Amino acid sequence: MRSSPDLAVIGVRRGDAEQVVAYGGEAVGPARATGSGYVVHGLQALRGESGSLSEDRRVAGLGAEIAVLGMS
């Protein structure tokens with residue numbers, strides 16, 4: 001079974017901002033609550049791969065949330 005960050009990365013590769021935001025956003029809460037290094041690492045990888053999708057306001061917002069997680 002794939003994790004939410006993995007499914008979000010698939011969304012990036014498909015150019016599907018909706019999938020990126022849905023699955024990436026789904027992983028932010030648990031990452032924040034548990035401090036899971038695995039999930040945070042997956043989200044940081046997602047942020048690094050977002051490329052042109054980061055121009056989408058929702059994806060950019062998700063990227064900002066992920067950046068804050070990386071600072072914790």
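Computation of the quantities below employed the complete heavy-atom set of this structure, encompassing side-chain atoms and omitting hydrogens, waters and symmetry-equivalent molecules. All of these numbers come straight from a predicted model, not from anything done at the bench.
- In terms of heavy atoms, Ala31 sits closest to Val39 at CB-CG1, 3.6 Å.
- Taking the side chain as every heavy atom from C-beta outward, Leu69 and Leu43 approach each other to under 4.5 Å.
- Pairs of residues two or more places apart, or lying in two chains, never qualify as side-chain hydrogen bond (donor to acceptor under 3.5 Å, both in side chains) while including a residue from residues 36-45.
- Cluster annotation: Val21 and Val28 are assigned to the same hydrophobic cluster (Ile/Leu/Val/Met/Phe/Trp/Tyr, side-chain heavy-atom contacts under 4.5 Å, transitive).
- Closest heavy-atom contact between Arg47 and Gly63: NE-O, 3.2 Å.
- For Val12, the side-chain contact (heavy atoms from CB on, under 4.5 Å) partners are Val20, Leu46, Glu49, Leu53, not counting sequence neighbours.
- The two residues Ser4 and Ala27 make their nearest non-hydrogen contact at CB-CB, 3.9 Å.
- Here the side chains of Ile10 and Leu7 are in contact, with some heavy-atom distance below 4.5 Å.
- Sorted pairs that involve residues 33-43 and meet salt bridge (Lys or Arg N to Asp or Glu O under 4.0 Å), not counting sequence neighbours, are lacking altogether.
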